Amino acid sequence: MPYIGVAMDTEEGGHEGRRDGGAARLRIAAVIAFQNEGDHLPRLLRSIDAQTDGPDQLVLVDDGSSDDSAPLVAEFERTHPQTIVVTRRRREATRDRLADAPELRAFVAGVAALSEPWDVVAKLDGDLELPATLFADVRTQFSSDPRLGLTGAYLSDETGDGSLRRDPQPDYHVRGANKFYRRGCYEQIMPLPAQLGWDTLDELRARANGWRTQSFAASAGDIIHLRPTGSHDGQLRAFRRWGLCAWAYGAHPLAVALGAVRRARKRPYVLGGVNYLWGWLAAAAQRYPRAEPETRA
């Protein structure tokens, strides 16, 4: 299977912090990879401008957009000196646009474009609105726990009546829409396989290497996910993808069965669980690539 990313052999802690008045301040580089997010990018970019202690550098990776995303990010780059835009070639249409992890490929291309030095790299989706304290909170999280390798804030979806509903998740799981990697952790877990499920494999590798992975509640409120998870290509396909991911990262068959039952009890009733199990069984039958045995263990 193809692996994306470059592993660098660096001494732990060798990159972290600079001294400003005697206090170490972690330098955060943010990479936003997007495709056709013209409807959402304005809110995301405004929320970055509103940060109380924002990123030190920002890379916007246009992964072959065909809408008005390009002029939006070009104008942002023109008015923000610490921002660069990386434009990737438009991808050919495939049966499943996420099968070979284009999001991971675009993110790694953005990391390659970063300037030195940096201590933390963030992967952010293009359909988010960030609370104003997000980057300041991330600096606090990493500074207070030297074994924290991967973190991110909780996400909430906008409901029909304008209220917010937090997405349920285990505290140790960091959602793919916002991932902040300490540099030492990032360099240990890379390269990652370019396949569905990579954004669970990263945290499994991190924990296997002794790092903690933890989500947290941002002090100014949750990140708003402007497009609910799984809504882009149809909800049932999303459930099948999640079943395939469970196969890829090595979920135990009993855990898969229990996961199918749990999903069957929520909307879309029954069909969610059936499609999740179908995705796992299809991946097994087709011998879809799996993580290395030590990671699955």
Side-chain angles (χ1 to χ4, degrees), residues 4-32 48 51-59 82 104 107-108 110-112 114-124 128 130-155 169-192 198-223 249 291-292 294-295 297:
I4 302 299
V6 177
M8 291 175 282
D9 186 12
T10 57
E11 184 177 345
E12 182 182 339
H15 296 288
E16 288 200 8
R18 66 171 175 260
R19 293 289 169 178
D20 293 326
R25 178 182 179 277
L26 292 177
R27 297 156 297 198
I28 299 180
V31 176
I32 299 174
I48 289 176
Q51 292 296 303
T52 59
D53 187 11
D56 297 278
Q57 54 180 313
L58 176 65
V59 179
Q82 300 303 316
L104 171 62
F107 170 55
V108 171
V111 174
L114 293 176
S115 301
E116 293 290 351
W118 56 270
D119 304 310
V120 173
V121 63
K123 175 211 162 287
L124 299 172
L128 306 176
L130 312 179
T133 60
L134 178 64
F135 286 87
D137 290 339
V138 166
R139 288 186 172 95
T140 299
Q141 294 290 321
F142 279 121
S143 296
S144 62
D145 184 355
R147 296 312 305 165
L148 182 64
L150 171 57
T151 194
Y154 294 120
L155 304 179
Q169 65 173 79
D171 291 341
Y172 58 80
H173 177 53
V174 180
R175 295 286 299 280
N178 87 122
K179 286 177 175 278
F180 291 80
Y181 301 87
R182 190 188 296 271
R183 184 163 186 164
C185 175
Y186 179 85
E187 292 172 353
Q188 278 192 302
I189 67 176
M190 284 292 184
L192 289 167
W198 72 267
D199 54 352
T200 298
L201 293 176
D202 59 351
E203 62 185 40
L204 293 177
R205 285 189 179 182
R207 292 199 292 271
N209 280 284
W211 298 99
R212 288 186 60 250
T213 64
Q214 183 74 39
S215 289
F216 69 93
S219 57
D222 290 355
I223 293 174
Y249 63 70
E292 59 274 11
E294 58 270 25
T295 298

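What you are looking at is a predicted structure, and each value in this text was computed from that prediction instead of being measured. Scope of the values below: all heavy atoms of this structure, side chains included, with no hydrogens, waters or symmetry mates.
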Visitor: Could you grab the distance from atom CG of L130 to atom CD1 of I48, nearest 0.5 Å is fine?
Guide: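 Here the rounded value is 5.5 Å.
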
Visitor: Is D119 salt-bridged to R183, cutoff N-O under 4.0 Å?
Guide: no

Visitor: If you measure from CD on E292 to CG on L201, what distance do you get to the nearest 0.5 Å?
Guide: 7.0 Å

Visitor: In Å, rounded to the nearest 0.5 Å, how long is the span from CG of N178 to OG1 of T151?
Guide: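 Output value for this atom pair is 8.0 Å.
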
Visitor: Could you give the distance from CD (E187) to CZ (R182), rounded to the nearest 0.5 Å?
Guide: 12.5 Å

Visitor: Do the rings of F107 and Y186 sit parallel, tilted or perpendicular, given the 30° and 60° boundaries?
Guide: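 The arrangement is perpendicular - the two ring planes meet at more than 60°.
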
Visitor: Side chains of F135 and V120, heavy atoms from C-beta outward: is any pair under 4.5 Å?
Guide: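 When only atoms from C-beta onward are counted, V120 and F135 do not touch, as no gap falls below 4.5 Å.
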
Visitor: Looking at side-chain heavy atoms only, is the closest gap between Y181 and I189 below 4.5 Å?
Guide: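 Heavy-atom side-chain distance check passes, below 4.5 Å.
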
Visitor: Look up atom NE2 in H173 and atom CD in Q214, then write down how far apart they are to the nearest 0.5 Å.
Guide: 12.5 Å

Visitor: Test side chain to side chain contact (heavy atoms under 4.5 Å, CB included) on Y154 and D171; report intermediate values, then the result.
Guide: CA-CA 9 Å; Y154 294 120; D171 291 341; 2.7 Å; yes

Visitor: Evaluate the side-chain proximity of S215 to R175: yes if any heavy-atom separation is below 4.5 Å, no if none is.
Guide: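 Heavy-atom side-chain distance check fails, nothing below 4.5 Å.
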
Visitor: Search all heavy atoms of L148 against all heavy atoms of R212 and return the closest pair with its distance.
Guide: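 For L148 versus R212, the nearest heavy atoms are CD1-O, 3.6 Å.
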
Visitor: Once you round to the nearest 0.5 Å, how far does CG of L128 lie from CD1 of I223?
Guide: 6.0 Å

Visitor: Looking at every non-hydrogen atom in both residues, tell me the closest pair between A136 and T52 and how far apart they are.
Guide: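 In this case the closest contact between A136 and T52 is CB-OG1, 3.7 Å.
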
Visitor: Check whether any side-chain heavy atom of V111 lies under 4.5 Å from a side-chain heavy atom of W118, and answer yes or no.
Guide: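 In short, these two side chains touch, coming nearer than 4.5 Å.
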
Visitor: Does a salt bridge link D199 with K123, judged by any charged N lying under 4.0 Å from a carboxylate O?
Guide: no

Visitor: Go through the steps for W211 and Q188 under the test side chain to side chain contact (heavy atoms under 4.5 Å, CB included), then give the verdict.
Guide: CA-CA 10 Å; W211 298 99; Q188 278 192 302; 2.5 Å; yes

Visitor: For L192 and M190, work out which heavy atoms get closest and say how close.
Guide: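 Heavy-atom minimum between the residues: N-SD, 3.7 Å.
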
Visitor: Closest heavy-atom contact between D137 and A220?
Guide: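 Heavy atoms only, the tightest pair is OD2-N, 4.4 Å.
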
Visitor: Closest heavy-atom contact between V174 and E203?
Guide: N-OE1, 3.0 Å

Visitor: Does the Q57 side chain pair with the main chain of S115, one donor and one acceptor, at a distance under 3.5 Å?
Guide: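 Confirmed, Q57 side chain pairs with S115 backbone.
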
Visitor: For A177 versus L155, what's the shortest heavy-atom pair and its separation?
Guide: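 In this case the closest contact between A177 and L155 is CB-CD1, 3.8 Å.
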
Visitor: Salt bridge or not between D56 and R25? Use side-chain N to carboxylate O under 4.0 Å.
Guide: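 Salt bridge flag = yes for R25 with D56.
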
